[in-house]
Each structure stands twice: as structure tokens, then as C-alpha cells.
There are 4 protein chains.
Amino acid sequence: MNTGEPGSFGQLLRDMIASGQISDPASPKGRLLAAAAKLFREKGYSGTTVRDLAADVGILSGSIFHHFKNKDEILFGVMKEVVSAMNASLVARLALESESRGRVKALIEHELTFIHGGPGNAMSVLVYEWRALSEARQEQILEQREAYERLWQGTLEEAHTAGLIRIEPDVLRQLLHGAIAWSANWYKPGGDLSMDDLVERTLTLAVQE
Amino acid sequence: MNTGEPGSFGQLLRDMIASGQISDPASPKGRLLAAAAKLFREKGYSGTTVRDLAADVGILSGSIFHHFKNKDEILFGVMKEVVSAMNASLVARLALESESRGRVKALIEHELTFIHGGPGNAMSVLVYEWRALSEARQEQILEQREAYERLWQGTLEEAHTAGLIRIEPDVLRQLLHGAIAWSANWYKPGGDLSMDDLVERTLTLAVQE
Amino acid sequence: MNTGEPGSFGQLLRDMIASGQISDPASPKGRLLAAAAKLFREKGYSGTTVRDLAADVGILSGSIFHHFKNKDEILFGVMKEVVSAMNASLVARLALESESRGRVKALIEHELTFIHGGPGNAMSVLVYEWRALSEARQEQILEQREAYERLWQGTLEEAHTAGLIRIEPDVLRQLLHGAIAWSANWYKPGGDLSMDDLVERTLTLAVQE
Amino acid sequence: MNTGEPGSFGQLLRDMIASGQISDPASPKGRLLAAAAKLFREKGYSGTTVRDLAADVGILSGSIFHHFKNKDEILFGVMKEVVSAMNASLVARLALESESRGRVKALIEHELTFIHGGPGNAMSVLVYEWRALSEARQEQILEQREAYERLWQGTLEEAHTAGLIRIEPDVLRQLLHGAIAWSANWYKPGGDLSMDDLVERTLTLAVQE
DNA sequence: TATGAATGAGGATTCATTCAT
DNA sequence: TATGAATGAATCCTCATTCAT
């Protein structure tokens with residue numbers, strides 16, 4: 001991913017770090033969140049202990065609570081940042097596409113790239129550990145998550161109107177979401193199937209030729 | 001689900017109970033497994049305590065260990081029985097279809113019916129709590145699970161040869177598996193979208209008309 | 001051990017069984033006590049579960065409580081029977097010896113024979129699991145145990161008066177008791193050192209030649 | 001016990017604490033080990049709960065696992081430290097004696113002093129709770145324990161060669177070990193029999209006048 | 001007398017969290 | 001900010017004991 005030119009994903013991240021929306025991955029808090037995303041994904045939220053987390057980052061368990069009030073807040077942090085980033089990044093990505101098929105492809109490519117890229121752990125956590133988050137905090141995430149879903153919804157509706165897709169946008173979104181999220185559990189980059197291939201195959205499901 | 005005529009799913013279950021492959025849902029062990037499937041799905045394996053489980057069934061926590069040596073064995077029981085049932089039931093289902101499109105539809109319909117029917121909790125657990133199962137037991141499940149996957153694989157390969165599906169059978173299987181499994185998290189029977197509709201929509205993803 | 005002639009140890013046991021002082025080793029209760037003696041010695045009283053015991057005898061744990069009110073009563077049974085047997089058997093043994101050195105030797109030989117013979121497990125339990133017995137029952141055992149100790153004490157006092165032993169009878173008794181009981185942990189019959197040798201060596205400690 | 005002059009037992013202990021071979025009795029770990037030795041001796045290892053132990057030291061049961069990974073490791077700690085101390089202390093004690101009878105007396109006096117002194121609880125545990133220690137850890141203790149036994153063995157062999165003792169050194173060692181260890185269960189310092197008397201009596205068993 | 005499912009108190013151990021240093 | 005000992009509630013599991021069959 002190009003990190004040099006303005007408007008790129010790398011630049012976008014830097015802007016978000018600068019504005020405090022997501023934490024600097026070099027800071028203690030950022031390293032903690034990255035480790036949490038990795039561990040929560042591998043072993044689940046309940047299955048990961050605060051000590052596992054501390055050990056992974058190289059600090060002692062007591063020190064974690066200088067950065068987060070409790071374990072739930074760590075999960076919240078992981079989810080909040082990935083939702084923000086996904087949102088911002090999809091907005092930026094869609095801005096580059098005007099034509100319907102390209103926009104649908106952008107949705108799919110964007111979500112797959114996210115899952116198999118740096119924020120992949122966090123996104124898996126967002127999807128598969130949702131029930132572990134306290135309800136109070138679920139609501140806070142939901143707002144941003146819905147903004148992201150509206151981007152999908154709007155784009156798919158255009159495509160539906162254009163006759164590009166055959167099934168109801170909301171149903172299609174869910175089917176694609178499941179298919180894409182699950183790819184975290186089987187797709188290995190670097191094998192026979194390139195990421196572009198995977199995007200293409202997934203797009204094939206969605207649209208008529 | 002028809003439970004009357006021989007060869008039906010209900011009959012198949014009764015045969016499997018009689019042969020000891022799956023436990024009688026009225027027996028203590030069967031009730032425990034059903035409750036475990038429900039709770040493990042709702043709160044995760046780690047998030048479910050042995051006391052939760054006992055309370056749900058109406059016994060004391062210590063009594064659980066009369067039926068299962070430890071908690072891991074409960075998870076194993078849930079998974080083993082659902083895999084057996086899925087296997088047997090898909091074999092029976094496919095035997096009724098000879099033509100390619102019908103067989104692909106049978107695969108999808110079968111898996112969706114399973115997820116949203118009685119064994120749905122157990123199947124969600126099978127999919128989403130896989131990592132929580134001890135490795136030794138994962139292998140035991142894997143054998144039966146692979147038999148099931150071979151049924152999918154074979155059927156999709158026929159369809160691919162017949163030109164009915166456009167993308168590689170193994171990739172398609174994974175995409176469909178994700179899409180179908182995820183439906184447990186959003187699809188509610190009894191709403192606008194009937195189960196038949198959902199099957200039809202999912203089939204639309206897979207095959208060219 | 002000769003079991004034929006009247007007055008022998010075997011006969012003595014049969015008489016005690018007939019009179020109900022000790023249980024028939026072929027009866028369920030007798031088999032339970034023998035197994036308990038073995039297990040309590042090997043793993044300690046606390047370390048032995050009622051299930052271990054049942055398994056060893058080939059019954060189910062619940063059935064034990066038809067024979068004994070609780071676990072403590074099993075320990076009590078083991079101790080009570082061995083104390084009775086020791087008592088009766090030492091009385092019989094001493095009756096055969098009139099001269100002082102022979103009587104001291106009889107004490108030692110008797111205790112060593114007991115420890116390394118059939119009732120050895122029970123006697124080890126009596127010595128090393130004493131604290132595990134409820135205080136109420138300790139008192140009941142103590143009476144018989146004291147009778148046994150009086151036999152030792154009286155015999156050693158004679159020997160002391162006769163100038164055969166040099167140190168105070170009560171101190172000597174304790175030293176010999178420790179030495180003899182501990183032999184259960186190292187002496188293996190059938191090795192280089194015969195039981196007669198061991199008796200002789202122990203006697204050498206006690207008496208001046 | 002003299003703790004002032006260099007070369008004394010007190011000094012030896014301080015050196016061992018300083019070098020980390022045994023834990024400071026004022027430290028949490030040291031207090032835990034002392035309490036464990038006391039309780040394991042009084043109630044046995046299986047009969048002592050981790051809660052008993054915590055209560056005795058005045059902490060909560062969970063806190064114990066800050067200092068020891070599990071209960072077995074506590075038993076191991078008790079045994080390891082007492083074996084180290086016994087070893088070092090016997091080496092020092094024997095260095096002061098050159099003549100054979102004095103050396104045998106030193107062996108006996110040393111072991112009795114140990115049993116009835118500060119480390120007595122730990123030594124009783126070492127002897128009577130051996131089977132409760134996991135086999136893996138038994139082996140670790142055994143090495144040091146054998147070094148201690150070699151000191152006995154060597155000294156008794158000299159005495160045997162010198163005609164001072166009449167029975168085989170290895171048999172004598174076992175008989176004396178049993179006699180001495182058992183004294184923990186009956187001998188009370190401060191009664192009619194002084195410790196010096198007890199040493200003298202035990203020595204009388206071992207050697208010809 | 002034997003069974004075996006169930007009990008419920010108690011076992012060792014884990015773990016998020018606190019707090020003095 | 002970081003430490004690490006301590007907390008105490010909760011966890012999985014064990015076990016002596018009961019009881020309907």
C-alpha cells in the first residue's frame with residue numbers, strides 16, 4: 001500500500017493518528033491495542049488474559065490499567081479504532097470510483113484488503129467478539145458501524161437500480177459480509193490465489209456479467 | 001420438519017439416537033448438550049461457566065461431571081454430534097437429487113436449514129468455537145468434518161464441469177460457507193424473507209441462470 | 001506361616017474371625033478393609049478417594065456406604081482390626097518364651113513379621129495415619145493399643161532388671177518402634193537380608209551380648 | 001543454638017539465605033514455607049488446604065500462587081530447603097570431629113537436633129510426605145538427599161572397619177533413621193530426658209561400648 | 001445388597017483489578 | 001508511568017455422601 005502520496009491510506013492513518021482518532025502504533029497504548037487485536041482474534045476475548053496481553057507487549061499486567069480502565073475498555077478500543085479507520089478509508093476509496101461496477105468492486109476489495117491487511121486482526125475481533133463487548137459500549141460503536149454500513153447500502157442500492165445486482169441490497173450485504181469475513185479463516189495471501197483473484201471471485205458472486 | 005414418514009430427517013435422527021451416534025434429547029446428557037450448544041453460541045465457550053450450564057438444565061454444577069469428564073468434553077460432544085448429524089443428513093438429502101442445479105441447491109438449502117433449525121446452535125458452535133476445542137479433539141472432529149466437505153466438493157465439481165458455476169469449487173465453497181454461517185447472526189425466520197427466499201438468494205450467488 | 005496346628009497364627013485369626021473380632025477377608029467388608037489398608041498406606045488416607053477404594057474392590061462407590069457409615073469408619077476398621085490382631089498374636093507369641101532374651105527377641109520378631117506380613121499395610125496405616133483418625137475414634141483404638149504397649153513395656157522392664165538392656169525401657173521401646181516401623185519403607189523380603197537377619201540386627205541394637 | 005560466632009549453624013543459615021539457597025524466614029515466601037512445613041506435618045500434605053495455609057500466614061488463598069506455581073511446588077520448596085540445609089550443616093558438623101566414635105555421635109546428634117529444632121517440621125515432611133511429591137520433583141530432591149546419605153554411609157563404614165559398630169552400615173543407617181525420625185512423634189524437649197540423653201541413648205544402640 | 005445419578009460443599013487455581021512503592 | 005505483591009471473587013473440578021430404583 002502506497003504510503004507516500006497524499007490521499008493514500010498511509011496518509012489517512014497518519015492524519016487520524018495526528019487528530020487522536022486512532023493511537024500511534026509506536027505508543028504504549030497503540031502497541032497494547034495491536035497486541036490485543038492479535039490475541040483476541042487468536043484466542044478470543046474471554047480466552048485472553050490481561051497477563052497474556054501484558055506479556056506480549058513486554059510489560060507487567062498491573063501496568064495495563066494505566067492505559068485502560070478495564071479489560072472491556074481494551075476491547076472497546078480495538079473496535080472503536082478499527083471502525084473509525086474502516087469508515088474513513090472506505091469514504092476515501094469510494095471517492096475514487098464513479099461507475100457502479102467499480103464502486104461495488106471497491107466495497108469488496110476494501111473490506112477484503114482490510115481483513116487481510118494490518119487492521120485484519122482488529123476487524124476479525126469486531127465481527128466475532130461483538131457479543132463480548134458490554135452493551136453500553138456496543139451502542140457507541142454501533143453509530144460508526146452504521147455509517148460504514150450506509151456506505152455499503154447506498155452503493156449496493158445504486159447497483160441494484162442499475163440492474164447490476166439481482167438480489168436485495170440488504171440481503172446481499174449480509175451474504176457478502178459473511179463470505180468476506182470468513183476468508184480470514186481460510187485465505188492465505190501468497191498462495192495460488194492472489195488477493196486480486198479473491199476480489200474478482202467475490203465480485204463474481206455479487207454481480208451479473 | 002416432517003417426522004412421520006420413513007427416510008425423513010426426524011426418522012434419521014431417531015435412528016441415530018437408537019444407534020448411540022447422538023444422544024437422546026430427553027436424556028440428561030442430551031439436555032446438557034442442547035443447553036451447552038445454546039449457551040456456547042450465545043456467550044462463547046470461555047464465556048459460559050459450568051454453573052451457567054448446570055443452572056440452565058436445572059442440576060447442580062458438580063453433577064455435570066457425571067456425564068462429561070471436563071468442560072472440553074462437553075464442547076467436543078456438541079461438535080461431534082452435530083457433525084455426525086450433518087453428515088448423515090446431507091447424504092440422505094443429496095440422494096434425492098440427481099440433476100446438477102438441484103444438487104447445488106440441496107447443499108445450500110441443507111446447510112441453511114441446519115443452521116436455522118434445531119441443530120443451529122450446535123453448528124454455530126462448531127464454526128465459531130473451533131479454536132476453543134483442544135487440539136487432540138479437533139483432530140477427531142476433523143475426520144467427520146472432512147467427509148462432509150467432500151460431499152460439497154464433489155457436488156460443486158460436477159456443477160463446475162457442467163458449466164453451472166463459474167468460480168473454482170473450493171473457493172466457492174468457502175465463500176458460501178461464510179455467507180451461510182453468518183446468516184445465523186442476522187436472519188430471523190418469520191420476517192419478510194422466507195427461508196425459501198434465502199435459499200434462492202444464496203443460490204443466485206453461486207450459479208449462473 | 002503355619003496355619004494348621006492349633007495355637008498357630010492362622011488358627012488365631014480363624015478364631016478371631018469366628019468371634020467377630022476381625023472380618024472374614026473373603027467377605028465384602030473384609031475385602032474392603034484389605035484394599036483400604038493397601039491404598040491408605042500407598043497414598044495416605046486423604047489421598048485415597050472412596051472411588052479408588054471401590055474400584056479396587058470392584059464395586060461402585062455408593063455401595064461402600066452399605067458397609068461403613070463413612071470414610072472415617074473405614075480407617076477405624078482398619079486400625080481396630082490390626083490392633084486386635086496384634087494384641088492377640090503377641091500374647092500368644094510371648095506365651096511360648098520364658099527366658100528374657102527370647103522374650104525380647106519375640107517382641108521384635110513379632111512386630112517385624114507383622115509389618116512385613118499380611119497385616120503390614122494395616123499396621124503402617126495404624127502408625128502413619130493416626131492423625132487422620134477422628135479424635136473420638138482415636139480413643140477407642142488407644143485402649144487396645146495400650147494393652148499391646150504394656151506387653152512390650154513389661155517385657156523390656158524384665159530385661160532391664162535382668163541387665164540385658166542398657167537404656168530405659170520406655171525410651172528403648174520408642175526407638176525400636178521407629179526403627180521397626182520404618183523398615184516398611186526400605187526392607188524388601190527376598191533380598192540379601194533375610195527376615196531372620198533383620199530380626200537379629202534389630203535385636204543387636206537392643207541388647208548387650 | 002548459638003547464632004553469634006562465625007562457623008555456627010546460625011551463621012551457616014545466614015550465608016545460605018544470602019546466597020539464595022534457602023529463603024529468608026521473614027520474607028513472604030519464607031513465612032509460607034515455614035507455615036507449610038508446620039501444617040503438612042500436622043495434617044499431612046493432602047489434609048492441608050491451600051486456604052489453611054493462607055490463613056496461617058495471614059494472606060488470602062489466591063496470593064499464595066504469586067509465590068508458588070501450585071501446591072506441589074510448595075511441598076517441593078519445603079523439602080528442597082531442608083535437604084540443602086541438612087547437607088550443609090552436616091558437612092560443617094563432621095568437619096569438627098576426627099575420631100570415629102565422635103563422628104558417629106555427630107551423625108546422630110545432628111539428625112536429632114535437626115528434627116527437634118527449627119527445621120524439624122520440614123524434616124518430618126521430607127520423611128513422611130515423600131510419596132505426596134510429584135515424581136518429577138522427587139528426583140530433584142533425591143540428588144541432594146543422596147549426598148547427605150553418603151555422609152552417613154561413609155562415616156558408618158569407617159566405624160564398622162574400626163570395629164565400633166557391629167551391624168552392616170546400610171542396615172544400621174536405616175534402623176537409626178527410623179528410630180530418630182520417629183522421635184518427632186514422642187520426644188518432648190524439656191521433659192525428664194534431655195536432648196543430650198536422647199543422643200546418648202541412641203548412640204548406645206549403635207555402638208559397642 | 002448393589003447401583004449410579006445427583007448433591008453441595010469444598011478443593012486448587014485463575015484472573016481482573018488495586019495500590020503502595 | 002511502571003512495578004509486583006496482594007486481593008477476592010469466580011473458575012473448573014473433586015469428593016464423600018445420599019437415595020430412588
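Just so it is clear: chains get the letters A, B, ... in the order the sequence lines come, proteins before strands, and each one is counted from 1.
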*Asks:* Measuring only between side-chain heavy atoms, which start at C-beta, is B:I141 closer than 4.5 Å to B:L126?
*Replies:*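 Side-chain contact under 4.5 Å: yes.
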*Asks:* Is there side-chain contact between B:K38 and B:E42, with heavy atoms separated by less than 4.5 Å?
*Replies:*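 Side-chain contact under 4.5 Å: yes.
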*Asks:* Would you check if A:I74 and A:F40 make a side-chain contact, meaning some heavy-atom pair closer than 4.5 Å?
*Replies:*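 Answer yes - side chains close enough.
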*Asks:* Pick base, sugar-phosphate or nothing for B:I64, based on heavy-atom distances below 4.0 Å to the nucleic acid.
*Replies:*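 Touches nothing.
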*Asks:* With nearest nucleotide decided by heavy atoms, which residue, D:D52 or B:R31, maps closer to the 5′ end of DNA chain E?
*Replies:*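 Looking at DNA chain E, the more 5' nearest nucleotide goes with B:R31.
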*Asks:* Can you tell me if B:S124 and B:N121 form a side-chain donor-acceptor pair at under 3.5 Å?
*Replies:*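 No donor-acceptor contact under 3.5 Å links the two side chains.
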*Asks:* Over all heavy atoms of both residues, which pair between B:W130 and B:R145 is shortest? Give the atoms and the distance, please.
*Replies:*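 Nearest heavy atoms, B:W130 then B:R145: CE3-NH1, 3.3 Å.
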*Asks:* Would you tabulate the pairs of protein nitrogen or oxygen atoms and nucleotide nitrogen or oxygen atoms of nucleotides 12-15 of chain F closer than 3.5 angstrom?
*Replies:*
unit_1: F:dC12; atom_1: OP1; unit_2: B:T48; atom_2: O; d: 3.4
unit_1: F:dC12; atom_1: OP1; unit_2: B:K71; atom_2: NZ; d: 2.9
unit_1: F:dC12; atom_1: OP2; unit_2: B:V50; atom_2: N; d: 3.1
unit_1: F:dC13; atom_1: OP2; unit_2: B:K71; atom_2: N; d: 2.7

*Asks:* In the structure I gave you, are the side-chain heavy atoms of C:E129 and C:M79 within less than 4.5 Å of one another anywhere?
*Replies:*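 They are in contact (side-chain heavy atoms under 4.5 Å apart), so the answer is yes.
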*Asks:* Under 4.0 Å, counting only non-hydrogen atoms across every strand here, what does D:L60 touch: a base, just sugar-phosphate, or nothing?
*Replies:*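 The residue D:L60 makes base contact.
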*Asks:* Dot-bracket, 5' to 3', for DNA chain E please: Watson-Crick or G-U pairs under 3.5 Å, [ ] where pairs cross earlier ones, | where the partner sits on another strand, dots elsewhere.
*Replies:* .||||||||||||||||||||
*Asks:* Quick check against the 3.5 Å criterion: does A:T48 have a side-chain atom that pairs as donor or acceptor with the backbone of A:K43?
*Replies:*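 No; zero donor-acceptor contacts below 3.5 Å.
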*Asks:* Are any of the side-chain nitrogens in D:R31 or D:D56 under 4.0 Å away from the carboxylate oxygens of its partner?
*Replies:*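 No, D:R31 and D:D56 are not salt-bridged.
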*Asks:* With a 4.0 angstrom cut-off to heavy atoms of chain D, pull out the first and last contacting nucleotide of DNA chain E, in 5'-to-3' order.
*Replies:*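 Extent of the interface on DNA chain E: E:dG11 to E:dT14.
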*Asks:* With distance as the sole test, does D:S23 use its side chain to make a donor-acceptor pair with the main-chain N or O of D:K29 at under 3.5 Å?
*Replies:*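 Side chain of D:S23 to backbone of D:K29, a donor-acceptor pair under 3.5 Å: no, none is there.
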*Asks:* Would A:K71 and A:F65 count as a cation-pi pair here, with the cationic atom under 6.0 angstrom from the ring centre and within 45° of the axis?
*Replies:*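 Verdict for A:F65: no cation-pi partner in A:K71.
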